[in-house]
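Quick notes on the structure that follows.
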Amino acid sequence: QYSPNGRYIAYTSQARDGYESDLFRLRVYDRETAKTLDVTPGFDQWVGAFTWAPDNNTIYFTAPDHARLPVFKTSVSSAKVEKVLEGSNDELGVTPDGAWLILTRTSLTQPAEVYRVPTAGGTPAQLSHENDTLLADLDINPVELVNTKGALGMEIQNLLLKPPGFDPGKKYPGLMLIHGGPQSAWDDAWSYRWNAQMFAAHGYVVLMTNFHGSTGYGQKFVEEISGDWGGAPYQDLMNATDYLESLPYVDKTRVVAAGASFGGWMINWIAGHTDRFKALVSHDGDFDNHSMAGETEELWFDEWEFKGLPWEKESRALREKWSPSNFVQNIKTPML
């Protein structure tokens, strides 16, 4: 994006060629001096949406942070990142007088609506009410954030969602939802695809785990999944399932798991490594790693995650190690 006066161009950048999940930094090119500035030095989260303020100096941006998407700011004159607004935010804009941030805000209980908040700080004011009538007819619960023990000595954050009309004295089936990416995350934000409220609405207690590889917990955590798909992430998910089964209102004999993309791969992996789930749902998940290497158009992704080309010794060993197709003899659980 050009600055309002046309002098600067702000853009996101990744340092390592071929790694689609490298840290997204915010950089500014000065057209007068032909110099490039890193305006998010030391900031360890992925820069997302961004916008210039009318002063041609300040830039507001979003970045994931522990299951939410706060707003931050930095500037050309002083490249220091400061948090401006909590919550899950997107689609940033600044009014021409520089007094207001205009943005959309969302949560697991509300689709995106337009808000404004003073750039000097304050409470967001809701401007649009497109979904008020719809939401008034729905019984939906807010998310609860819980930590479980993870692999590599880490605490893992989970999002817990209870069904409509929840009664702690009753027993409910449990559902583990597994996100794709894998360098992505479950956030306290409305989804128009895999909406956790839709699963809860069928009477499930839903748990969404941000396992190793998830964004919003620092770049080191993101990178610890590459080459280890069925290692630390699988252990994180099994520990989280232990937690779900331990809840007094969850029937541990009726716990299921579902996932898409990498989540689908993980469902396929789970199928060959445990029979603890009552049923599984695998949506567009990789089943055979060598086959994926031969058909995918995302060559950079495949070669990074498995450390090379499929016929190279180290990469071939990793693909064999983490291929669900090598464990079909163990599968007992019904799968959709």
Side-chain angles (χ1 to χ4, degrees), residues 1 3-4 10 12 24 26 39-40 43-76 78-146 157-162 184-198 200 208 210 214-217:
Q1 295 181 23
S3 59
T12 53
F24 284 87
L26 186 61
V39 294
T40 52
F43 186 66
D44 199 30
Q45 307 287 14
W46 289 11
V47 173
F50 62 91
T51 190
W52 285 93
D55 63 4
N56 300 290
N57 181 45
T58 307
I59 305 174
Y60 296 91
F61 66 91
T62 63
D65 184 13
H66 290 76
R68 293 195 169 94
L69 203 66
V71 178
F72 301 84
K73 72 175 180 179
T74 185
S75 66
V76 177
S78 178
K80 180 183 177 183
V81 173
E82 299 176 50
K83 186 179 288 186
V84 174
L85 182 64
E86 296 283 3
S88 294
N89 310 277
D90 203 359
E91 300 170 298
L92 306 178
V94 184
T95 54
D97 61 4
W100 299 92
L101 265 174
I102 309 296
L103 42 81
T104 55
R105 284 170 66 82
T106 177
S107 72
L108 270 167
T109 58
Q110 180 185 284
E113 296 282 4
V114 180
Y115 286 74
R116 74 174 183 177
V117 61
T119 53
T123 303
Q126 187 172 342
L127 301 181
S128 70
H129 296 269
E130 293 301 308
N131 298 288
D132 287 2
T133 302
L134 172 65
L135 293 174
D137 290 336
L138 299 179
D139 177 8
I140 51 179
N141 290 308
V143 70
E144 300 173 32
L145 301 179
V146 296
Q157 189 176 51
N158 302 262
L159 291 77
L160 179 69
L161 195 62
K162 294 170 181 172
S184 179
W186 293 118
D187 294 319
D188 184 11
W190 195 261
S191 171
Y192 299 91
R193 185 184 177 192
W194 276 57
N195 191 309
Q197 294 287 5
M198 292 296 291
M208 299 166 279
N210 282 335
S214 301
T215 53
Y217 305 89

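Source: prediction; values computed, not measured.
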Nearest heavy-atom neighbours spanning [X] and [Y]:
X     : Y      : answer
Pro4  : Trp52  : CD-CB, 3.8 Å
Thr95 : Pro54  : O-CG, 3.8 Å
Ala67 : Asn210 : CB-ND2, 4.3 Å
Phe61 : Thr74  : CE2-CG2, 4.1 Å
Val71 : Leu101 : CG1-CD1, 4.2 Å

Could you check whether any side-chain N or O of [X] sits under 3.5 Å from a backbone N or O of [Y], counting only pairs where one atom can act as donor and the other as acceptor?
X      : Y      : value
Asn56  : Ala53  : no
Gln45  : Gly216 : yes
Ser191 : Arg193 : yes
Asn131 : Leu134 : no
Ser88  : Ala189 : no
Asp188 : Leu108 : yes
Ser128 : Val114 : yes
Glu113 : Glu130 : yes

Rounded to the nearest 0.5 Å, what separation is found between the [atom1] atom of [X] and the [atom2] atom of [Y]?
X      : Y      : atom1 : atom2 : result
Thr215 : Trp46  : OG1   : CH2   : 6.0 Å
Ile140 : Leu161 : CD1   : CG    : 8.5 Å
Arg116 : Leu127 : CZ    : CG    : 6.0 Å
Trp190 : Thr106 : CH2   : OG1   : 7.5 Å
Thr62  : Asn89  : OG1   : CG    : 8.0 Å
Lys80  : Thr40  : NZ    : OG1   : 15.0 Å

Using the ring of each side chain (for Trp, its six-membered ring), is Tyr217 parallel, tilted or perpendicular to His66, with breaks at 30° and 60°?
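Tyr217 vs His66 ring planes: perpendicular.
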Please tell me if the side chains of [X] and [Y] come closer than 4.5 Å, counting only heavy atoms from C-beta onward.
X      : Y      : answer
Phe50  : Thr12  : yes
Leu85  : Pro70  : no
Pro111 : Leu135 : yes
Leu145 : Leu159 : yes
Tyr60  : Val94  : yes

Verdict with reasoning, Lys73 to Val84, per side-chain contact (heavy atoms from CB on, under 4.5 Å)
CA-CA 7 Å; Lys73 72 175 180 179; Val84 174; 3.7 Å; yes
Do the two ring centres, one from Phe24 and one from Phe43, sit under 6.0 Å apart?
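They do not qualify: ring centres at least 6.0 Å apart.
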If you apply the rule side-chain contact (heavy atoms from CB on, under 4.5 Å), what do you find for Asn141 with Thr109, and how did you get there?
CA-CA 7 Å; Asn141 290 308; Thr109 58; over 6 Å; no
Show the numbers, then the answer: is there a side-chain contact (heavy atoms from CB on, under 4.5 Å) between Thr51 and Ile59?
CA-CA 6 Å; Thr51 190; Ile59 305 174; over 6 Å; no
Determine, step by step, whether Arg105 and Asp90 satisfy the salt bridge (Lys or Arg N to Asp or Glu O under 4.0 Å) criterion, reporting the C-alpha distance in whole Å, the side-chain angles of both residues, the deciding distance to 0.1 Å, and the verdict.
CA-CA 7 Å; Arg105 284 170 66 82; Asp90 203 359; over 6 Å; no
More than 12 heavy atoms from other groups under 6.0 Å of CD on Gln126:
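Yes, because the 6.0 Å sphere around CD of Gln126 holds more than 12 heavy atoms from other groups.
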